[in-house]
Structures are given as structure tokens and as C-alpha cells.
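The structure appears below as C-alpha cells.
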Amino acid sequence: MSGVTWVYIMLGLYIIYCVYMGMKGYFSEKTSSGYAIAGRSIPFIAFLMAATAASFSGWTFIGHPGLIWRDGLAYAFASFYVLTIPITGAFFSKRTWLLGKRYGFITPGDMYAYYYNNEAVRWLVVLTAFLYSMFYSAVQLMAAAALFHWVAGVPVAFGAIFMAFIVWFYVCTGGMKASAWVGVIQFLLLVGGIILLGFYVITAPEIGGWGVLSEKIANLDKRYLEVPRVINFGLGGAAGEVPWTALMCLTYMFALMGIQSSPAFTMWTFGIKSPKPLAWQQAFMSTFVVGFALFFFTAFQGMGARILEMEGVLVLARDSEVVPKLMTQFLPPFVLGVVFMGAIAAIHSTAAPYINTGGSILLRDVYWRYIRKQEAGHAEQIWVNRLLATVVTAAALVVGLNSTAALVILGALATAFGFVMYVLLLGVIWGFRFPSVGAALGVVAGMVAVFLTYYVWPNPLSMHSAFWGVAAGLAVAYLCRGIGIKDDEETVQRQIEIRRYLDSADAPSEAGQAWRNTMKIVVPVWYIFAIGPACILGNWAFAFAGFTPLWSWQIAWWIVGVIVMWALCFKAEMATTHEVQIQRAEVDLMIVVKEA
């Protein structure tokens, strides 16, 4: 059978699984929280795989190798997001779960508005969630449509609508639980597809194996093999131009840290049965498993494509063509079907959570709270939630099909906006002290700064807009404190109660506290050397096993990073829990959110 035939067979099997999980959720989820956050019952294995898949979008599968082809190994530092994304989870997720369980929070707007006693914060989270969901989903759906067009010749518009329909169906029928269980198979397809494609590229006769490829890579122009400098001085470059300096590599990782601080991931944290899978998801599934796929096999794809193009085997006009052309030219028919589904799974694994949580946030924080004045029943909430998820899906399709230029800008802004949520999370989770007015104004300032440093003055000092967004947000928040703005007594007492609860419920052991003190030094040092200013040393420091010096540097610091994440999550107890803590969470309740 031809490769296209296998593509349709694999797609058919995938659709059957998605429909089954959607219908299973349709008949089982009867409450608003059951639909929106799976009734806080997502099991260990489902969260372990689905959250990992959701963290690494279709951009990882399709765009990442393409940019390695275009920009070389300096861009390959982006593979370190297998560490920086879950580091956000290690900082915040366990305590977010404890707060959701104790106070009954369903949306991140519930949590932030309660802590800061400020409804303006809720509206800012709603705005962030809607824009993030719409534009990030648009990026994913159009990537799926483009790949479908390349591999099977399906018109882009039809492919976008068809791929959107698949996601829409299982999300709208089954809610978060269906999205989680579909995410399990998506994780397997995503990682398997990346490894398979990289394997077939490096073993292709045109490449000749690792030994030949490594020799050819070593002879490439040094702009593909080195970080050019630590910093570019200046207000900014041309829009869309990314200078991969050491500081850009570092601050670009800040943007991707925004994935797990986004409103969608906060809701996913509310949805898990217990915090037990958090440490394993952060230290093993993301950091080690996905890291293995990215540091080796996406780099094989990107650097292999560069060699193949130079030798006239591939004709590449833009980075988006790299993965589709590698797939169609180097994969056997059956493997093409599997890898195609890996790419689609990567795309859907990101689109589904944002469509699901976008609809739920609009329902709970707008329709339920302000339109229905908290008087709607479960059935009404579920159906309106489905309607609003449909609106998010339709909006993503409209933007994707009609606003290509804006899509590039707004898609790139999405994760930076998610990182701005650090301003709120640092206050709620770790007690950074600034008034609620400062929290709201800080988020506004952060969003404005992100926009200005992406579109008006791109990358000042060759630093990503995510850095400038959080820097501006925290500066404004603390400025409000500095000029003497104070919270009222109710807000102060509410925050004191939450701080006491978290300090009591999540107090580390003596050994855990000692590890935390050590990690306060180790983690920043790792950032500085692995992806920060000192990564410039990787241009010449050492090499092994045929890898160029910079590639060797990345692999070595990835291995160190795996150890750092293990220590952070397990030894420092940032993401681990124990039975007494979970038992307390079940009974020590103070519900402040009305569900129906």
C-alpha cells in the first residue's frame, strides 16, 4: 500500500479512538466541574502522558527541526525547554493543586480573584486565556492543515476544518477527561514519531549514517555551529528577526516556561486526582524522555536536512517545509502513516487543552458568574461550556485561515503572555508581597511590554519579549507597594490565612529544606551555563562521540539538567507528596466557590 493509504488508515484508527473517548465522557460527566476539570479525578498515568504531550506542541514536531535547519545549533538550545517548561511546574503545580482542593477553585480566575480579592484580576486572566486559546490553537490547526496538504494533497482550508472537527468533537463531548485520555495515545505518537523520523533520516543512504553525517556537519559554516555572541546591544531588530545570542537563548526559554504557567495548565492541575504524578511528569517524562527525542532526533532531522539541501537531495525554500519533505522522501509507506499521526497527535495534544479550558474559563468566569449570577444548573453549564468551546474553535479557524500575518505575531506572543502569569503565581503560591492593585496593573504592564518588545521594538538587547513582560509586570507591582498602596483588611486576612495553610500543608522535611537551600544556588548556575551567558563557552569547550562542541555542550548540560530536575522535584520535595498530606487535603476543606 502507498504511504497516503497508510496515512488514512492511521488517521481512521485515531479518529475512532477520539470518538470513543469523547462519547465515553459524554455519558459519564454530569456536573460542571466533572466536565470542566474532570471532577478532580484525572489518574496518574493519564496526567503523566497527557500533560507532557500538551507541553510540547506541533511546533516541537514540525517547527523545531525546521529552525535547526535554518539557524543551526544556536537555535537547538530551544530543546532545553524539556527542562524549563517543567521547572515552572516544579515551582507552582503542587501548591496550586492544594489550593484548588481546599478552596474548590475550578478556574485560575477563581484562585487569583480570591487571593487578591480583586475581580479585575479575573478579567485579565479571562482575556489572557481566550487570546492564548484562540491564537495558539490557530497555530496548531493550521500546522495540521499544512502537513495534511503536504503528505496527502488535501486542500489547506478543508484540512484545517477537518482537523479542527476531530479536536472539537472529543473536547466538546467528553470535556477534560476525554482530552486527558486521548492525550495518552498522543504522547506515544508524538515521541515515537520524532524518533522514527530522525532514525530514518540518519540511516538514509543519502546520509550514510552517523559517522558520515558528523563529519559533514563539522565542515559546515560556523554560523550553523556556534552561538554568535552573548548579547546584541540596541533597542531591537527587524520584526520577526531572532538573533540567537546567549541571552536570546536564555530568555526564549522564559517564554516557553509560560506554557505551564498559562491559565490552561493551572486548570489541568486542578483536574488531577492527586499531586503524585507531578514529580514523575516533570523529572522523567518531560525532561528525560522528550529530552532524549529532541537533543538527538530533532537535531538529526534539522542538521541532516541542512546537509541534504547542500548536496542537492532536498530543495527547501522555508523552514516549514523541512519535516514534510523529510517525511515524504525518506519514510517507508507504513512508517509515513505512523509519523504523520505523530505530528497530528502533537498538534492536537496542544489544541485540545486550550480549546477545553478556554471554553470552561469563559463559562465559569463570565457566563456563570456575571450573566447567570451563579444560578445555572449543571446541565446548562455543560451545554454552554460546549457552545463556548465551539466559539473558541471557530475563532481559531477564522484567525488561522484569514490572518496569516497576524497569526505569526500572535502565536509567538501566546507563550510570552502565559509567562506574565508568573506575576500572579509568585504572589499566590510563594507569597511575594505586593497589593492587589499592583497585581492587576502588573499584569497589564506585562502584557503591554510583551507586545511592544515583540512588535514595536523587537528583542531589545537581544532578549525575548517574555523577559521584558515579567520584568515590567513585577516592576509595576512593586512600584505600587513602594508608593504606599495597601490592601484592605479583608484582603490582608485572606492572604494571611492562605499563607498559613500552604506553609503548614506543604512544609518540607529538614532534609528537603536543606536540598531547597542548595537548589537556590544550583538552579541559577545551571541556567547560566546551560542556556545563559556562559553557554558561549560551548562553541569550543569540549566535544565527544562525533558531536560538534556546541552540540556536545547541549547534550552534557541536558544530562546535568536531568539530575537537577530529579533533585528539585524529589530531594527538595518541590513536586513530591505523601499520604498524610493527601489525606489532609481530602478533609481540610474551606470551599469558597459555588459550583451550581
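Values reported hereafter were calculated over all heavy atoms of this structure, with side chains retained and with hydrogens, waters and symmetry mates removed. Numbers here simply count residues along the sequence, with the first being 1.
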* Asked: If you round to the nearest 0.5 Å, how far is CZ of Arg122 from CG of Leu127?
  -> 14.5 Å

* Supply the atom-to-atom distance Ile382 CD1 to Thr31 OG1, rounded to the nearest 0.5 angstrom. => 6.0 Å

* Give a yes or no on whether the backbone of Ile272 and the side-chain of Trp97 come within a donor-acceptor separation of less than 3.5 Å. => yes

Identify all side-chain donor-acceptor contacts of residues 263-270 below 3.5 Å with residues at least two apart in sequence or on another chain.
from   : atom 1 : to     : atom 2 : distance (Å)
Thr266 : OG1    : Ser262 : O      : 3.4
Thr269 : OG1    : Phe265 : O      : 2.9

* Asked: Less than 6.0 Å separating the ring centroids of Trp181 and Phe47?
  -> no

* To do: Might you work through the salt bridge (Lys or Arg N to Asp or Glu O under 4.0 Å) test for Glu595 and Arg364, ending with a clear yes or no?
  => CA-CA 9 Å; Glu595 184 180 345; Arg364 293 290 307 178; over 6 Å; no

* To do: Give a yes or no on whether the backbone of Gln381 and the side-chain of Tyr367 come within a donor-acceptor separation of less than 3.5 Å.
  => no

* Carboxylate-amine/guanidinium proximity below 4.0 Å for Arg494 and Glu497 -> no

* Between Ser133 and Ala129, is there a donor-acceptor pair closer than 3.5 Å when you use the side chain of the first and the backbone of the second? -> yes

* Asked: Aromatic ring centroids of Phe419 and Phe467 under 6.0 Å?
  -> no

* Between Gln260 and Ser93, is any side-chain donor less than 3.5 angstrom from a side-chain acceptor? -> no

* Gap separating the CD1 atom of Ile496 from the CD1 atom of Ile498, nearest 0.5 angstrom -> 11.0 Å

* **More than 12 heavy atoms of other groups within 6.0 Å of Tyr20 OH** => no

* Indicate the atoms forming the closest heavy-atom contact of Tyr35 with Val171, along with that distance. => OH-O, 3.2 Å

* Closest non-hydrogen atom pair, His378 against Ser32 -> ND1-N, 3.0 Å

* Among all residues two or more places apart in sequence or in another chain, which pass the side-chain hydrogen bond (donor to acceptor under 3.5 Å, both in side chains) test with Asp588? -> Arg102, Arg584

* Asked: Pick one: which of Asp487, Ile485, Asn117 meets side chain to side chain contact (heavy atoms under 4.5 Å, CB included) with Ser436?
  -> Asp487

* Structure fact -> For Gly561 and Leu83 the tightest heavy-atom approach is O-CD2, 3.1 Å

* Structure fact -> OG (Ser179) and OH (Tyr170) are apart, to the nearest 0.5 Å, by 5.5 Å

* Asked: Under 30°, 30 to 60°, or over 60°: which ring-plane class applies to Tyr478 and Phe434, parallel, tilted or perpendicular?
  -> perpendicular

* Short N-O contact, Lys94 and Glu573, less than 4.0 angstrom -> no

* **Greater than 12 external heavy atoms within 6.0 Å of Lys594's NZ** => yes

* So Leu294 and Ile194, side-chain contact (heavy atoms from CB on, under 4.5 Å) or not? Walk me through it. -> CA-CA 8 Å; Leu294 264 58; Ile194 290 173; 4.1 Å; yes

* Could you please spell out the steps behind the ring pair (Phe, Tyr, Trp, His ring centres under 6.0 Å) verdict for Tyr354 and Tyr136? => CA-CA 8 Å; Tyr354 290 114; Tyr136 211 56; 5.5 Å; yes

* **Contact summary for Val184 and Ala46, nearest pair of heavy atoms** => CG2-CA, 3.7 Å

* Asked: Would you say Thr88's side chain and Met257's backbone share a donor-acceptor pair under 3.5 angstrom?
  -> yes

* Crowded around Lys276 NZ? As in, over 12 foreign heavy atoms under 6.0 Å? -> no

* To do: Give a yes or no answer on whether the side chain of Gln581 reaches the backbone of Ala505 with a donor-acceptor pair at less than 3.5 Å.
  => yes

* Asked: Minimum heavy-atom separation for Arg386 to Thr173, with atom names?
  -> NH2-O, 3.0 Å

* Asked: So, do Asp110 and Tyr114 sit near enough that their side-chain heavy atoms are less than 4.5 Å apart?
  -> no

* **Close aromatic pair by centroid cut-off 6.0 Å: Phe570 and Trp280** => yes

* **Gap between atom CD of Gln495 and atom OH of Tyr115 - 0.5 Å precision** => 4.0 Å

* **Aromatic plane relationship, Trp558 with Phe288 - under 30° parallel, 30 to 60° tilted, over 60° perpendicular** => parallel

* Asked: What pairs with Arg481 under side-chain hydrogen bond (donor to acceptor under 3.5 Å, both in side chains), at least two apart in sequence or on another chain?
  -> none

* Which pair of heavy atoms, one from Asn385 and one from Gly359, lies closest together, and at what distance? -> OD1-C, 3.3 Å

* To do: Can you label the angle between the Tyr103 ring and the Tyr501 ring as parallel, tilted or perpendicular, going by 30° and 60°?
  => perpendicular

* Asked: If you round to the nearest 0.5 Å, how far is CD1 of Ile355 from CG of Leu388?
  -> 13.0 Å

* Please work out which of the three classes, parallel, tilted or perpendicular, describes the rings of His464 and Tyr252, given edges at 30° and 60°. => tilted

